[in-house]
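Working notes for the structure below.
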Amino acid sequence: MKIYAPNQLTFDESQKYTAEQAVSSVQNKVTDDDLVKYAVKFIEIFRRTFEDFFPEIAPHISTYAVYPIKTNIVRMDQTGIFILHQKSEENEVEIFDFDKLSPPVEANLFDIQKRFDPCWGEFDFSGRSFSLEEAEIKGKSYALDTALHVFWLLLDSKEFQDVCLRLIEAEAGIKAEIHEHRELDVQSRIVIDEYAGFRREENWAFEFKHFKENRVTADIISKAEALLDDPELDLDVICLVTSGDITSIGKSFVIRNPKIRVWDRQVLNYLFHKHSELLGDFFTDYEIAAEFISAQIAKLTSSRYKEFEKRLKECPAGQKGFKQYEKLCSEILQYNFEGKLKHIKDQKSTDDGSQIRDTIFRNLRVGDLFDRIFSRFDADFIVFDPKNYSDQITKTEVDSISKYASPAIGRFVVLISPKGADDATAKTQHRIFNTDKKVILSISNADLLEMIERKERGENPEDLLDDLLDKMLLGV
């Protein structure tokens, strides 16, 4: 049996991840321009986060104090990217090809760092996108982790012990109390759930190592292993909890022995975020910042804007992509108007088979616009008609789609096309409204994406339709 830390992959997981990232990197080639924009955005967000939430400690943080910054980016093979920051006279970013470095260096992190002498940096071989959204997430996350590292170091030994006790109690569901044994801090029996409803009781012991500079070494782990052989203690697992980190040799010892755990600073950071409500009195400033920034990061990571933008761009125009475009528009509409419109079905023929209403939604009358169009235009249902035309929609299509509007369905229809409608359609829309009291709106791919942006900013995506409706009614 082997035990892997939360941030470690098994061999099979690593193989699968590497294969997936190799495919991703080929499909999404990162350009030099992408990397420059990423580096600039990352520094901007990292520094702004410190200035906004941790102004008192910011000047004492080495990675913040290094400014202005020159960022050296070294590209290796297809996916290898090293981003190395160093103090400079002015802010700049320079890209290097590893194979063209002069003098040449060995292909390892130590020699590359020695060549550029960075104050700090990162490297990656997984084929990341290095997008602006990723730069914002990484910048905020790195600022939070850096600040939390400072707070761990500011704790004295008694405070660190109290924090550890609270985390153990929250994570293990036990009452953690300091043990009388001279080598151990906490010892308790813990019940662990298994498959098929089985439960396993184990005797765990915890040792607290409040290191401000030192790391958990193989020697420390060997001493902990010796306690496992003490028949008087009868331990199943011993867990070292440290405010520092663990050496690479120490990590190999931990994987080798399934009875050893190490909760290093990275694990403690994870547990802090998981149980932050229990530790607010220790890290008040951090808790407030983490709650706010985590919400911002959650919005960025859950965003579907880039996905939809890419799919719209890749959808072929014309008859070849008609079905694909209809399905994609339906998916975007369901995403934008979740909880406000209920999707009924796509591609519904009328009884005589003469018309196709591509996407129909029931109006749930949630929000001012949808309540307004129900009351004014009898819109119990709303028809959206995607037309994957290569050119702009003309007045002919507007006249044709107006037949979809009826007292049974409602007198509110939205025409969707990649490039939207030409200028001449406005008069046709106004004429149809004046004659038949039917509203025909036209939106483009750009409008669909703007609605997604509004939704993900916490605004109402339907406000765009509201503006178009007012413009049509006013004849402007």
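Computed from a prediction, not measured in an experiment: that's the story for all the values here. The analysis underlying the following values was restricted to heavy atoms, covering all of them including side chains, and did not include hydrogens, waters or symmetry mates.
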Stepwise side chain to side chain contact (heavy atoms under 4.5 Å, CB included) test for Ile238 and Leu233: CA-CA 11 Å; Ile238 186 166; Leu233 293 174; over 6 Å; no
Compute the centroid of each ring, for [X] and then for [Y], and state whether the two points are separated by less than 6.0 Å.
| X | Y | value |
| --- | --- | --- |
| Phe96 | Phe116 | yes |
| Tyr142 | Trp120 | yes |
| Phe361 | Phe337 | no |

Check [X] against [Y] and note the closest heavy-atom contact, atom names and distance.
| X | Y | answer |
| --- | --- | --- |
| Ser417 | Ile393 | OG-CG1, 3.1 Å |
| Phe253 | Ile221 | CB-CG2, 4.0 Å |
| Ser188 | Asn203 | O-OD1, 3.6 Å |
| Asp236 | Lys259 | O-CG, 3.2 Å |
| Val186 | Ala176 | CG1-CB, 4.3 Å |

Within a 6.0 Å radius of atom [atom1] on [X], are there more than 12 heavy atoms belonging to other residues, nucleotides or ligands?
| X | atom1 | answer |
| --- | --- | --- |
| Asp467 | CG | yes |
| Lys70 | NZ | yes |
| Gln113 | CD | yes |
| Asp423 | CG | no |
| Lys320 | NZ | no |

Check whether the side chains of [X] and [Y] place a donor and an acceptor atom closer than 3.5 Å, and report yes or no.
| X | Y | result |
| --- | --- | --- |
| Gln334 | Ser330 | yes |
| Lys340 | Asn460 | yes |
| Arg166 | His275 | no |
| His210 | Ser243 | yes |
| Asn72 | Gln86 | yes |

Any ion pair linking [Y] and [X] (charged N to carboxylate O, less than 4.0 Å)?
| X | Y | value |
| --- | --- | --- |
| Lys455 | Glu459 | no |
| Glu122 | Arg128 | yes |
| Glu136 | Lys140 | yes |
| Lys387 | Glu397 | no |
| Arg311 | Glu331 | yes |
| Glu225 | Lys223 | no |

Go through it in stages, so that I can follow the logic: the residues are Asp219 and Ser222, the test is side chain to side chain donor-acceptor pair (under 3.5 Å), and I'd like the CA-CA distance, side-chain angles, deciding distance and then a yes or no. CA-CA 5 Å; Asp219 180 60; Ser222 295; 5.6 Å; no
Test side chain to side chain contact (heavy atoms under 4.5 Å, CB included) applied to Trp204 and Leu235, step by step: CA-CA 6 Å; Trp204 280 51; Leu235 296 177; over 6 Å; no
Are the side chain of [X] and the backbone of [Y] linked by a donor-acceptor contact shorter than 3.5 Å?
| X | Y | answer |
| --- | --- | --- |
| Lys419 | Ser390 | yes |
| Asp385 | Leu415 | no |
| Thr31 | Asp34 | yes |
| Glu89 | Ile69 | no |
| Asp77 | Thr79 | no |
| Asn269 | Phe272 | no |
| Thr247 | Gly250 | yes |

Parallel, tilted or perpendicular: ring planes of Phe125 versus Phe123, cut at 30 and 60 degrees: perpendicular
Relative to the ring of Tyr335, is the ring of Phe308 parallel (under 30°), tilted (30 to 60°) or perpendicular (over 60°)? tilted
Run the ring pair (Phe, Tyr, Trp, His ring centres under 6.0 Å) check on Phe282 and Phe151 step by step: do they pass? CA-CA 9 Å; Phe282 289 99; Phe151 285 125; over 10 Å; no
Going by atom type alone, with no hydrogens or angles, which donor-acceptor pairs under 3.5 Å involve a side-chain atom of residues 46-55 and a protein atom two or more places apart or on another chain?
from, atom 1, to, atom 2, distance (Å)
Arg47, NH1, Tyr64, O, 2.5
Arg48, NH2, Glu44, OE2, 2.2
Thr49, OG1, Ile45, O, 2.7
Glu51, OE2, Tyr64, OH, 2.8

Can you give me every donor-acceptor pair (side chain of residues 102-110, partner residue at least two apart or in another chain, under 3.5 Å) with its distance?
from, atom 1, to, atom 2, distance (Å)
Asn108, OD1, Phe110, N, 3.2
Asn108, OD1, Asp111, N, 2.7
Asn108, ND2, Asp111, OD2, 3.0

For Glu194, check side-chain contact (heavy atoms from CB on, under 4.5 Å) against everything at least two apart and list the hits. Phe198, Arg200
Under the side-chain contact (heavy atoms from CB on, under 4.5 Å) test, which residues partner Leu464, sequence neighbours left out? Ile443, Asp447, Glu450, Met451, Arg454, Leu468
Verdict with reasoning, Asn445 to Tyr325, per side chain to side chain donor-acceptor pair (under 3.5 Å): CA-CA 10 Å; Asn445 285 0; Tyr325 188 68; 2.7 Å; yes
Not counting sequence neighbours, which residues clear side chain to side chain donor-acceptor pair (under 3.5 Å) with Arg75? List them please. Asp32
According to salt bridge (charged side-chain N to carboxylate O under 4.0 Å, His left out), who are the partners of Lys212, at least two apart in sequence or on a separate chain? none
Give the intermediate values and the outcome of side chain to side chain contact (heavy atoms under 4.5 Å, CB included) for residues Val254 and Ile246. CA-CA 10 Å; Val254 171; Ile246 182 172; 3.8 Å; yes
